[in-house]
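I have placed the structure first, in the form of structure tokens, so that the comments after it can refer back to it.
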Amino acid sequence: MSLIKIINFPSIGDDRGSLVAMETIDKVPFEIKRVYFILDTLKNVSRGFHAHKQLKQIAICVSGKCRMIIDDGKNREEVWLDSPNKGLLIETNLWREMHDFSEDCVLLVLASEHYNESDYIRSYDDFKKMLD
Ligand code: T46
């Protein structure tokens with residue numbers, strides 16, 4: 001089974017432009033407790049390099065693009081987030097990395113939990129140990 005779980009958020013377009021809705025009842029499989037976005041990422045900077053114990057998230061590049069890597073400790077897969085209609089569902093206990101941010105990238109993240117540093121596993125060795 002693929003580690004890359006894409007959720008498609010259709011555009012509701014009309015002659016004024018596009019609107020994309022993300023609603024719990026339909027496309028988002030958790031209650032959204034937090035929203036954040038990452039922007040102005042400097043050239044050649046990568047982010048992430050951690051896993052979460054409880055947190056589930058959906059990441060969407062609402063502008064520009066970036067390359068996401070998802071790793072379950074055994075397999076490693078990558079996907080380009082390059083459309084405001086394309087959400088990546090990141091379940092618990094998955095290592096994630098974000099690379100190759102375009103200059104105009106705005107990465108929006110919908111999160112199932114409030115911010116909690118103790119939910120992060122920031123060492124790959126600890127991540128692997130936790131899975132054993
Ligand atoms: C993730 C990927 C996709 C807060 O204070 N509140 C928040 O809601 C967040 C997300 C972060 N922070 C603080 C924690 C750090 O001191 O902001 C600083 C930067 O966070 P971090 O280094 O974890 O950022 P990324 O880009 O490596 O990871 C973020 C999320 O933290 C993470 O949950 O899955 O984006």
Side-chain angles (χ1 to χ4, degrees):
M1 205 172 63
S2 176
L3 298 175
I4 305 298
K5 297 205 169 88
I6 298 296
I7 297 175
N8 185 44
F9 297 106
S11 287
I12 305 162
D14 57 26
D15 54 10
R16 297 169 297 175
S18 297
L19 183 157
V20 180
M22 293 149 196
E23 214 172 332
T24 304
I25 195 167
D26 178 10
K27 296 280 184 183
V28 179
F30 51 78
E31 288 296 327
I32 300 166
K33 289 200 180 147
R34 178 166 54 105
V35 174
Y36 62 91
F37 49 91
I38 293 169
L39 71 167
D40 296 338
T41 306
L42 298 179
K43 211 171 163 50
N44 299 322
V45 166
S46 294
R47 306 189 61 125
F49 301 94
H50 57 257
H52 283 284
K53 296 177 222 166
Q54 301 291 336
L55 184 68
K56 295 177 187 171
Q57 303 191 106
I58 294 178
I60 309 118
C61 275
V62 293
S63 167
K65 61 180 185 175
C66 72
R67 185 169 59 89
M68 296 271 307
I69 290 180
I70 301 293
D71 178 332
D72 68 355
K74 291 196 182 96
N75 298 301
R76 202 170 158 84
E77 295 180 16
E78 69 169 44
V79 62
W80 280 94
L81 296 185
D82 51 6
S83 160
N85 305 103
K86 188 174 178 180
L88 175 66
L89 174 64
I90 312 172
E91 305 265 19
T92 54
N93 297 326
L94 291 172
W95 187 261
R96 82 282 326 263
E97 298 171 12
M98 297 99 87
H99 302 280
D100 302 325
F101 287 84
S102 62
E103 253 180 56
D104 58 346
C105 182
V106 178
L107 180 65
L108 176 75
V109 184
L110 313 177
S112 67
E113 307 297 332
H114 299 295
Y115 174 70
N116 175 8
E117 186 58 39
S118 68
D119 190 64
Y120 285 72
I121 307 161
R122 291 194 183 269
S123 140
Y124 194 78
D125 284 348
D126 291 347
F127 172 62
K128 291 280 284 179
K129 275 184 210 142
M130 189 199 69
L131 297 172
D132 289 340

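Values below: all heavy atoms of this structure, side chains included; hydrogens, waters and symmetry mates excluded. Remember, it's 1-based here, ligands and their atoms both numbered in the order they're listed. Fair warning: this is a prediction, and the values are worked out from it, not measured in the lab.
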Requested in this report: Check the angle between the aromatic planes of His52 and His50 and answer parallel, tilted or perpendicular using the 30° and 60° thresholds.
Outcome: perpendicular
Is atom 35 (O) of ligand 1 in close reach of the protein, with a heavy atom under 4.0 Å away? yes
Hey, is atom 17 (O) of ligand 1 under 4.0 Å from any protein heavy atom?
no
### Task
Indicate the ring-plane relationship of Phe127 and Trp95, choosing parallel, tilted or perpendicular according to the 30° and 60° boundaries.
tilted
Atom 33 (O) of ligand 1 has as its nearest protein heavy atom His52 NE2, 2.7 Å
Correct closest heavy-atom pair for Gly87 and Phe9 would be CA-CE1, 3.8 Å
Note: Ile38, heavy atoms under 4.0 Å from ligand 1, region reported as side chain
Apart from Leu19 itself, its cluster of hydrophobic side chains linked below 4.5 Å comprises Ile12
Closest to atom 14 (C) of ligand 1 (heavy atoms only, candidates Trp95, Tyr115, Tyr120, Phe49) is Tyr115
The closest protein heavy-atom partner of atom 2 (C) of ligand 1 is Tyr36 OH, 3.5 Å
Original post:
So is there a nitrogen or oxygen of Gln57 less than 3.5 Å from a nitrogen or oxygen in ligand 1?
Top reply: yes
What one should report as the nearest heavy-atom pair of Ser112 and Gln54 is OG-O, 4.2 Å
Q) Crowded around Lys65 NZ? As in, over 12 foreign heavy atoms under 6.0 Å? A) no
the protein heavy atom lying closest to atom 32 (C) of ligand 1 turns out to be His50 NE2, 3.0 Å
Nearest heavy-atom approach of Glu113 to Lys33 is OE1-NZ, 3.5 Å
In terms of heavy-atom contacts, Asp71 and Leu3 come closest through CA-CD1, 4.2 Å
Q) Do any nitrogen or oxygen atoms of Gly48 come within less than 3.5 Å of a nitrogen or oxygen of ligand 1? A) yes
If you compare Met98, Arg47, Arg34 by their heavy atoms, the one closest to atom 20 (O) of ligand 1 turns out to be Arg47
Can you tell me if Arg122 contacts ligand 1 (heavy atom of the residue under 4.0 Å from the ligand)? yes
